[in-house]
Student: 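One structure, pasted below without further comment.
This is a predicted model, so every value here is computed, not measured.
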Amino acid sequence: MFKYYVSLLCFAVLATTNLWSQNTTLTSEEAFAQFKSISDSISSEFPEDDIKTYRRASFSDSQLETYLSLHFKRQDLLKQIDGHYSFVINSYLHSGNWFKEIDFPKESIKSYLNFFDYYQKNEKYLTDEDRKHYIEMRSYARSMLADSYAKLGLLDSADIQHKKNLEFTKHLDYIYKPSSINNYGLFLYWHKKELDSALYYFKRAYTITQTNFPNHTLIGSIRDNIADVYRDQNNHAEALVLYEANFDFYKNAINERSLTKDIPRLISAGAQLVTTNAYLNRVGEAQRVFSDLEKIVLHQEQINDLAASSKLEFLRAKEKLLEAQSNITAAYATAKQIKNYADSLQHIAKINDIKWQEELNDFTIDRIALNFKLDRIQKENKIKSQKTKLWITGLLSSIFIILLMGLIISRRQHLINAKNKQLLAEQKLKTSSLEVAQLNSDIKSKERDLSDFAIKLTQDQDWAKGIADQLEAIKQTSSKEREQLIAELDQTINNKINVDSDTQEFFEHLDHLNNAFYSKLTDEYPNLSKNEIRLCSLIRLKIESRNIATLQNITLASLNTSRYRLRKKLNLPENTDLDVFIQNL
């Protein structure tokens, strides 16, 4: 019998060893070698230092399939590479830059966050020269990360990243100090439409650049941004001076990265100068500038190096000049040319966007499916290993029990009685605890219902005030306009009835289908209101913010406020995306 148990024990050890060998992963050097091999394969057609690699138009469908498959594969290998710190940092940065340039903001955000996380954890292993080199890269990546958040409409996250960059560059004497200030101004100008605030940051950046880097091309960009704000504020005379300075500047300025003239910016400055002169009725000066600009454009067309955006700017400037010259026929013809050209570009861009997004989604799904399968296999192996260990433990326990059986029998009944008493006491305590927990749950549920009712009551009061305003307007209008106003009032009331009915029905279905998710969310975060729980469910379904605002009968600004409060209640750190967090619950 003893030999039988020994044989079983040896078999269990061998089985455990076999399972362990199945779970081994690549070594760091093996992962590093595989990464370099994949990179060499990619670089044969799309080198990382070639500008075409960062343009959508450079890829065919088959090339895109190959590039994305290999790119995702080598990104997974980075997690297994130890010691090659600069190599891993550069790889994460390249991935973020590539996805940013081809306009995939979600993927770029993931790569940039990996870049910052890895750098923070491993900065201590870098040399002083490496740290100095990454100062510029970190500032650039932070700006690009903020821009990607802004493209997704996550303005709070974008604002946080811009402010982190301002703090990071505050005491630096490099060009990216005014660059970070200028980028924050652009964020306020483009996404928040805060002209005065944007102008403040543009002027700060301009003063620093003019004092410390007067010949850097950044000064032209900042000057153009200031002029655009002046133009939007109808201060065309101030804008004219800056556009004129930029047109002269870009005729000779050399871009610091490409070491060539920045022709697109030169054409843009010239087009803005023509348009502003025409607006100020300086027709003669506008014609003179246009003649210079036309020579530049014709030359670029001859060498087949005219960007589509530059051609559109040129044509729009031409249209404004013709209008100022009262040449209506030619202006109309130019306007038709602009429309046809713009529609063509928009159609092509739309097709490319759809194609690229479908391709990326397909590869992402395939990658998720593969990772899921690998995780499942690893879990199955782990369960098998645990079963083997339990079996061995059980076998040893059985032998021990047999040796002590005589002693256990004598005390068995005494232990059973004591255990029964203990179980009875524990059951009573558990029942009392459950009753208390149920009472607390009922109280919190009623509090949430009361809060939701108060919010609904406030919204209904606002709607009723609007109805009262419409009635007042009907009373004060003449009989000719009264019928139209009454019809509008009737439509408003019907819309309210329909929206409330449809919305209520939608939320009833939503609550029914997401009961399990609600229970999990309430257990982990009991302080959430019913509206906040429903907001989590809508985000989990990947419904767009504008549609969520419509369903909840609130403005987009109010929704952003609700999202901000929800982040606080969930205790999310700054670099965690709310949508991704909820979808992973």
Student: Does any donor atom in the side chain of Asp156 or Asn560 lie under 3.5 Å from an acceptor atom in the other side chain?
Tutor: no
Student: If only atom types and distance count, is the side chain of Lys261 paired as donor or acceptor with the main-chain N or O of Lys251 below 3.5 Å?
Tutor: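 Side chain of Lys261 to backbone of Lys251, a donor-acceptor pair under 3.5 Å: yes, one is there.
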Student: With rounding to the nearest 0.5 Å, note down the distance linking CD1 in Ile554 to CD1 in Ile548.
Tutor: 9.0 Å
Student: How long is the gap from CD on Gln210 to CG on Asn215, to the nearest 0.5 Å?
Tutor: 11.0 Å
Student: Give, for atom CD1 of Ile42 and atom NZ of Lys73, the distance between the pair rounded to the nearest 0.5 Å.
Tutor: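 If we round to the nearest 0.5 Å, Ile42:CD1 and Lys73:NZ are 10.5 Å apart.
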Student: Mind listing the closest non-hydrogen atom pair of Arg567 and Leu578 along with its distance?
Tutor: NH1-N, 3.5 Å
Student: If I take atom OH from residue Tyr174 and atom CG from residue Asn212, how far apart are they, to the nearest 0.5 angstrom?
Tutor: 13.0 Å
Student: Within the side chain of Thr576, is there an N or O that forms a donor-acceptor pair under 3.5 Å with the backbone of Leu572?
Tutor: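 The answer is no, because no donor-acceptor pair under 3.5 Å joins these two groups.
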Student: In terms of side-chain geometry, is the basic nitrogen of Arg316 or Glu319 positioned less than 4.0 Å from the acidic oxygen of its partner?
Tutor: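 Salt bridge absent between Arg316 and Glu319.
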Student: Calculate, to the nearest 0.5 Å, the distance between atoms CZ and OG belonging to Arg138 and Ser143 respectively.
Tutor: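 That separation rounds to 13.0 Å.
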Student: List the atom pairs, donor and acceptor, that lie under 3.5 Å between side-chain atoms in residues 268-275 and the rest of the protein, sequence neighbours left out.
Tutor:
residue, atom, partner, partner atom, Å
Ser268, OG, Glu313, OE2, 2.9
Gln272, NE2, Asp224, OD1, 3.1
Gln272, NE2, Asp228, OD1, 3.4
Thr275, OG1, Ala271, O, 2.9

Student: Does Ile175 offer a backbone N or O that forms a donor-acceptor pair with the side chain of Ser179 under 3.5 Å?
Tutor: no
Student: Verify side chain to side chain contact (heavy atoms under 4.5 Å, CB included) between Arg282 and Leu240, making sure each step is shown before the conclusion.
Tutor: CA-CA 11 Å; Arg282 293 162 49 97; Leu240 178 67; 3.6 Å; yes
Student: Any side-chain donor paired with an acceptor under 3.5 Å for Tyr134 and Asn90?
Tutor: yes
Student: Could you check whether any side-chain heavy atom of Thr260 comes within less than 4.5 Å of a side-chain heavy atom of Ile254, counting everything from C-beta outward?
Tutor: no
Student: Identify the residue among Tyr200, Tyr189, Tyr201 that makes a ring-ring contact (aromatic ring centres under 6.0 Å, His included) with Tyr184.
Tutor: Tyr201
Student: Does any pair with a residue in residues 233-268 pass ring-ring contact (aromatic ring centres under 6.0 Å, His included), and if so which ones, sequence neighbours excluded?
Tutor: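 Every pair satisfying ring-ring contact (aromatic ring centres under 6.0 Å, His included) with a residue in residues 233-268: His236-Tyr279.
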Student: Would the distance check show the side chain of Arg265 and the main-chain N or O of Asn246 forming a donor-acceptor pair, the cut-off being under 3.5 Å?
Tutor: no
Student: What pair of heavy atoms forms the shortest contact from Ile219 to Pro214, and how long is it?
Tutor: CG2-O, 3.9 Å
Student: With a 4.0 Å cut-off, would you call Asp173 and Lys177 a salt bridge?
Tutor: no
Student: Of all the heavy-atom pairs spanning Ala278 and Ala286, show the shortest one and how long it is.
Tutor: N-CB, 4.0 Å
Student: Find out whether Leu186 and His191 are in side-chain contact, i.e. whether some heavy atom of one side chain is under 4.5 Å from a heavy atom of the other.
Tutor: no
Student: For the NZ atom on Lys320, are there more than 12 heavy atoms of other groups (residues, nucleotides or ligands in this structure) within a distance under 6.0 Å?
Tutor: no
Student: When you compare the side chain of Met144 with that of Ser108, does any pair of heavy atoms fall below 4.5 Å?
Tutor: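 Heavy-atom side-chain distance check fails, nothing below 4.5 Å.
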Student: Determine whether the side chains of Ser558 and Thr555 contain a donor N or O and an acceptor N or O closer than 3.5 Å.
Tutor: yes
Student: My understanding is that only one of Asp577, Ile160, Leu155 makes a side chain to side chain contact (heavy atoms under 4.5 Å, CB included) with Tyr149; could you say which?
Tutor: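 Exactly one candidate clears the test, Asp577.
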Student: So, do Asn531 and Ser562 sit near enough that their side-chain heavy atoms are less than 4.5 Å apart?
Tutor: no
Student: What closest approach, in Å, do Leu199 and Ile226 show between heavy atoms, and which atom pair accounts for it?
Tutor: CD1-CG2, 3.8 Å
Student: Measuring only between side-chain heavy atoms, which start at C-beta, is Leu70 closer than 4.5 Å to Arg74?
Tutor: no
Student: Going through the checks in order, is the side chain to side chain contact (heavy atoms under 4.5 Å, CB included) test met by Thr169 and Asn165?
Tutor: CA-CA 6 Å; Thr169 60; Asn165 203 22; 3.9 Å; yes
Student: Is it the case that His71 and Ser95 place a side-chain donor and acceptor less than 3.5 Å from each other?
Tutor: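 Result is yes, a qualifying pair exists.
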Student: Do Tyr112 and Tyr92 have ring centroids that are under 6.0 Å from one another?
Tutor: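 No, the ring of Tyr92 stays outside the 6.0 Å limit from the ring of Tyr112, centre to centre.
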Student: Under a 4.0 Å threshold between the charged nitrogen and the carboxylate oxygen, would Lys110 count as salt-bridged to Glu107?
Tutor: yes
Student: Would you say the side-chain atoms of Asn327 pair up with the backbone N or O of Glu323, donor to acceptor, closer than 3.5 Å?
Tutor: no
Student: Taking the side chain as every heavy atom from C-beta outward, state whether Ile263 and Asp305 have any pair of such atoms under 4.5 Å apart.
Tutor: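 No, too far: nothing below the 4.5 Å cut-off.
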Student: Parallel, tilted or perpendicular: which one describes the rings of Phe187 and His162, with boundaries at 30° and 60°?
Tutor: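 Taking His162 first and then Phe187, their aromatic rings sit tilted (interplane angle of 30° to 60°).
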Student: Does either side chain, that of Gln287 or that of Gln325, offer a donor lying less than 3.5 Å from an acceptor on the other one?
Tutor: yes
Student: With a 4.0 Å cut-off on N to O distance, would you call Lys164 and Glu574 a salt bridge?
Tutor: yes
Student: Would you say Lys336 has more than 12 foreign heavy atoms packed within less than 6.0 Å of its NZ?
Tutor: no
Student: Is there a side-chain contact between Ile135 and Tyr176 (heavy atoms, below 4.5 Å)?
Tutor: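 Contact flag for Ile135/Tyr176 side chains = yes.
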Student: Could you tell me which non-hydrogen atom of Leu188 sits nearest to which non-hydrogen atom of Ser197, and how far apart they are?
Tutor: CD1-CB, 3.9 Å
Student: Are the charged groups of Lys151 and Asp103 less than 4.0 angstrom apart, N to O?
Tutor: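 Yes, Lys151 and Asp103 are salt-bridged.
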Student: Could you go through Glu244 and Asn277, starting from their C-alpha distance and side-chain angles, then the distance that decides it, and tell me whether this counts as side-chain hydrogen bond (donor to acceptor under 3.5 Å, both in side chains)?
Tutor: CA-CA 10 Å; Glu244 189 171 24; Asn277 273 310; over 6 Å; no
Student: Does atom NZ of Lys339 have more than 12 heavy-atom neighbours, drawn from other residues, nucleotides or ligands, at distances under 6.0 Å?
Tutor: no
Student: Look only at the side chain of Asn547 and the backbone of Ile543, and say whether a donor-acceptor pair between them is shorter than 3.5 Å.
Tutor: no
Student: If I compare all heavy atoms of Ser148 with all of Pro105, which pair ends up nearest, and what's the gap?
Tutor: O-CB, 3.7 Å
Student: Check the pair Thr207, Arg204 against side chain to side chain contact (heavy atoms under 4.5 Å, CB included), reporting the backbone distance first and the verdict last.
Tutor: CA-CA 5 Å; Thr207 300; Arg204 272 186 60 192; over 6 Å; no
Student: Are the side chain of Ser310 and the backbone of Leu306 linked by a donor-acceptor contact shorter than 3.5 Å?
Tutor: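 Looks like no, no N/O pair under 3.5 Å.
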Student: For Arg231 and Thr276, which I'm curious about, is there any donor-acceptor pair between the side chains at under 3.5 Å?
Tutor: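 No pair is found: no donor N or O on one side chain lies under 3.5 Å from an acceptor on the other.
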Student: Should Leu152 and Lys106 count as side-chain neighbours, where that means a heavy-atom distance under 4.5 Å?
Tutor: yes
Student: Any luck finding a side-chain donor-acceptor pair between Ser139 and Ser180 under 3.5 Å?
Tutor: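 No, no side-chain donor-acceptor contact under 3.5 Å.
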Student: May I ask you to establish whether Arg142 and Phe168 are in a cation-pi arrangement, using a distance under 6.0 Å from NZ or CZ to the six-membered ring centre and at most 45° from the ring axis?
Tutor: no
Student: Could you tell me whether Lys542 and Asp579 make a salt bridge, using a distance below 4.0 angstrom between a side-chain N and a carboxylate O?
Tutor: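 Salt bridge flag = no for Asp579 with Lys542.
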Student: Show the numbers, then the answer: is there a side chain to side chain contact (heavy atoms under 4.5 Å, CB included) between Leu535 and Leu559?
Tutor: CA-CA 9 Å; Leu535 176 58; Leu559 176 62; 3.8 Å; yes
